[in-house]
Amino acid sequence: MDAQLVVPAPINEPVRSYAPGSPERESLRTRIAALAAERLELTSTIGGVQRPGGGDPVDVVQPHKRRHVLGVLRNATHEDARAAVDAAKQAAPAWRSLPYSERASVFLRAAELLAGGWRDTLNAATILGQSKSVQQAEIDSACELIDFLRFNVAFGERILGEQPQSSPGVWNRFDHRPLEGFVYAVTPFNFTAIAGNLPSAPALMGNTVVWKPSPTQQFAAHFTMRLFEAAELPPGVINMVTGDGLAVSDVVLSDPALAGIHFTGSTATFRHLWREVGSNIDRYRTYPRLVGETGGKDFVIAHPSADVDALHVALVRGAYEYQGQKCSAASRAYVPRGIWEGGLRDRLAATVATIKYGDVTDLSVFGGAVIDARAFAKHAAALDRIKNSASCTVLAGGTVDDSEGWFVAPTLVESSDPGHELFSTEYFGPILGVHVYPDDAFEAMVAQAEAVADYALTGSIFATDRTVVDWAAGALRNAAGNFYVNDKPTGAVVGQQPFGGARGSGTNDKAGSILNLQRWVSPRTMKETFEPPVTWQYPHMG
């Protein structure tokens with residue numbers, strides 16, 4: 001079809017409240033009960049065919065009810081990984097030859113399906129499998145994933161519309177080609193939206209993908225794959241393989257056709273992938289694109305002019321939503337003594353002590369459990385070190401309980417040592433460290449906070465003095481890829497706050513913006529001369 005197409009203008013999906021008595025609340029509760037009653041075989045999907053992995057079985061459980069098995073996956077083997085790579089290669093010619101409008105239609109349809117009848121399924125799966133509250137599931141597996149799908153289509157259209165200038169008698173064009181090869185998408189446990197975006201963004205731009213979700217997110221990933229199929233994604237475009245990924249990476253990272261990696265997860269794992277790509281660099285047909293968003297040790301710095309009420313809410317929501325298991329979670333705060341001792345310490349400690357973590361199928365709770373036994377043990381060990389540190393005082397929480405689920409209590413710690421691990425080590429849990437500084441030492445505190453951690457993902461400044469805001473934004477320019485003024489450092493919205501950081505936090509390719517989509521194309525410049533010269537001499541030679 002010859003047409004100058006204009007894609008639908010994207011808008012951010014409205015967040016539903018799920019207030020008591022609302023129809024969406026009852027509908028979601030019904031779907032939660034139905035999914036909890038099942039025990040699924042969580043298969044790989046290779047070339048459009050569901051098949052179990054060939055490796056050992058792994059139970060996928062509810063973290064808040066750790067003995068309740070939602071489904072069973074099997075670790076993918078080398079054979080499974082090779083099949084996924086082969087399927088991606090086989091699907092590539094037909095997929096990349098489709099007009100952009102046809103590829104875009106698949107993902108726009110997925111967005112509409114998710115905004116409608118699929119919403120309860122993805123939300124329920126995320127609540128059960130990742131122990132998210134209804135609020136956190138709604139903004140993630142429904143709204144953010146819908147936004148990624150809609151906005152990416154618009155970003156892709158803008159990329160295709162970017163064309164070079166032409167001089168008289170010449171027509172210059174960009175051919176925005178997909179990468180030559182396949183993309184490896186490795187996705188985390190904590191966001192269903194990220195797990196859906198990392199394979200679908202490269203696919204939208206014409207690439208085929210091998211997708212390896214986190215085992216602890218496999219329950220929602222299973223339904224995300226079914227959503228893509230319902231939207232008529234052709235077989236082999238996205239090939240999902242299950243399990244720990246060790247065998248998958250062995251195969252994928254040594255394949256000459258590896259063209260890119262789209263990753264969200266730990267800094268250590270991303271650095272491992274980068275090293276493996278480097279060691280295999282002579283094998284590859286092209287230089288793989290490495291796009292990664294990794295860890296964070298995200299800060300809130302309050303100035304003496306800060307609005308105390310706003311600061312209080314930002315610390316509670318920023319640190320303790322989704323049990324602190326966000327790469328953007330507020331995990332270190334710097335508060336002037338006048339504000340801290342003037343009432344914030346006691347008020348914040350009292351609030352933290354009342355936060356209710358529990359079974360998230362009870363839609364009244366604020367949060368649930370941490371994701372698995374390994375995370376639980378890591379947090380328990382960190383709390384033991386904190387309690388035994390002379391510079392630290394636990395003001396609220398500090399307890400753990402794995403009798404029913406992997407519960408870590410919301411914990412507030414005051415430390416007199418700003419160099420303590422509280423302020424540099426990523427815990428990825430509900431632990432907030434606070435350092436209290438003299439009111440007249442704001443600039444020195446900012447300088448220390450800027451340099452103490454290896455990360456540069458998110459951070460915020462609280463101040464009502466505009467000269468302070470301006471100065472701090474400059475002083476902290478490289479300390480956070482997402483910088484917030486008088487707001488918590490979490491909750492980036494697609495199309496509004498493109499997300500990503502640098503330093504130890506990743507490549508800062510900004511998911512939720514055109515910048516990320518540009519990484520998945522390899523432009524070819526084409527020049528056509530309408531009346532080419534027919535003599536080789538130049539005028540000056542006459």
Side-chain contact test, heavy atoms from C-beta onward, threshold under 4.5 Å: evaluate it for Ser249 versus Tyr184 and give yes or no. yes
Would you indicate whether Arg477, at its atom CZ, is surrounded by more than 12 heavy atoms from other residues, nucleotides or ligands within a distance under 6.0 Å? no
Are the side chains of Phe299 and Leu476 in touch, meaning some heavy atoms are under 4.5 Å apart? yes
Which residue pairs satisfy the salt bridge (charged side-chain N to carboxylate O under 4.0 Å, His left out) criterion with at least one member in residues 8-20, sequence neighbours excluded? Glu13-Arg119, Glu13-Arg150
Flag for Gln497-Lys510: side-chain donor and acceptor within less than 3.5 Å: no
Ignoring hydrogens and angles, state whether a donor on the side chain of Asp147 or Asn12 is under 3.5 Å from an acceptor on the partner side chain. yes
Looking at every heavy atom in both Ser460 and Asp487, which two are closest together, and how far apart are they? CB-O, 3.1 Å
Any non-hydrogen side-chain atom of Asn190 less than 4.5 Å from a side-chain atom of Gln323? no
Between Glu421 and Tyr427, a side-chain donor and acceptor under 3.5 Å: yes
Electrostatic pair Asp298-Lys488, nearest N-O below 4.0 angstrom: no
Within the 6.0 Å centroid threshold, strictly below: Tyr334 and Phe423: yes
Would you call Thr264 and Phe499 a side-chain contact if the rule is heavy atoms closer than 4.5 Å? no
Where Val360 and His64 come nearest, the two heavy atoms and their spacing: CG2-CE1, 3.4 Å
Think Lys356 forms a cation-pi with Phe366, using NZ or CZ under 6.0 Å from the six-ring centre and within 45 degrees of its axis? no
Under 3.5 Å, side-chain donor or acceptor atoms of residues 198-205 against the rest of the protein: list the pairs with distances, not counting sequence neighbours.
unit_1 : atom_1 : unit_2 : atom_2 : d
Ser200 : OG     : Gly196 : O      : 2.7
Ser200 : OG     : Asn197 : O      : 3.4

Cation over ring, Lys132 on Phe191, under 6.0 Å and within 45°? yes
Between the side chains of Tyr18 and Asn123, is a donor N or O closer than 3.5 angstrom to an acceptor N or O? yes
Student check: side-chain heavy atoms of Gln325 and Ile371 closer than 4.5 Å: yes
Under 6.0 Å between ring centres, would you say that holds for Tyr357 and Phe407? no
Between His379 and Trp406, does the ring centre distance come in under 6.0 Å? no
Looking only at side-chain N and O atoms, does Asn172 offer a donor or acceptor that is under 3.5 Å from a partner on Gln165? no
Over all atoms of both residues, closest heavy-atom pair of Ile127 and Thr361: CG2-N, 4.4 Å
Do Asp417 and His435 get their side chains close enough for a donor-acceptor pair, meaning under 3.5 Å? no
Gln130 and Thr192 side chains, donor-acceptor separation under 3.5 Å: yes
Heavy-atom side-chain contact between Asp454 and Arg503 under 4.5 Å: no
Start with the C-alpha distance between Tyr484 and Val300, add both sets of side-chain angles, then the distance that settles side-chain contact (heavy atoms from CB on, under 4.5 Å), and finish with yes or no. CA-CA 9 Å; Tyr484 297 79; Val300 175; over 6 Å; no
From CA spacing to verdict: side-chain contact (heavy atoms from CB on, under 4.5 Å), Phe483, Thr458: CA-CA 6 Å; Phe483 185 70; Thr458 74; over 6 Å; no
Check this for me: Arg347, atom CZ, are more than 12 non-hydrogen atoms of other residues, nucleotides or ligands nearer than 6.0 Å? yes
Provide the closest heavy-atom pair for His420 versus Ser389 in the form atom of the first, atom of the second, distance. NE2-OG, 3.3 Å
Under 3.5 Å side-chain donor-acceptor pair for Tyr455 and Ser424: no
Nearest non-hydrogen partners of Leu348 and Trp340, listed with the distance: CD2-CZ3, 4.0 Å
Where do Ser505 and Glu293 land on the side-chain contact (heavy atoms from CB on, under 4.5 Å) test, with the steps shown first? CA-CA 6 Å; Ser505 293; Glu293 189 263 293; 5.8 Å; no
Can you label the angle between the Tyr322 ring and the Phe189 ring as parallel, tilted or perpendicular, going by 30° and 60°? tilted
Go through the steps to decide whether Val400 and Leu383 satisfy the test side-chain contact (heavy atoms from CB on, under 4.5 Å), and finish with yes or no. CA-CA 9 Å; Val400 298; Leu383 289 172; 3.8 Å; yes
Check whether more than 12 heavy atoms from other residues, nucleotides or ligands sit under 6.0 Å from atom CZ of Arg25, and answer yes or no. yes
Exercise: do Thr490 and Ser328 side chains pair donor with acceptor under 3.5 Å: no
Going by heavy atoms in the side chains, are Tyr437 and Gln448 under 4.5 Å from each other? no
Closest approach of Thr351 and His312, non-hydrogen atoms and distance? OG1-NE2, 2.9 Å
Beyond-backbone contact of Asp359 with Val365, side-chain heavy atoms, under 4.5 angstrom: no
Cationic N near anionic O, under 4.0 Å, Asp439 to Arg337: no
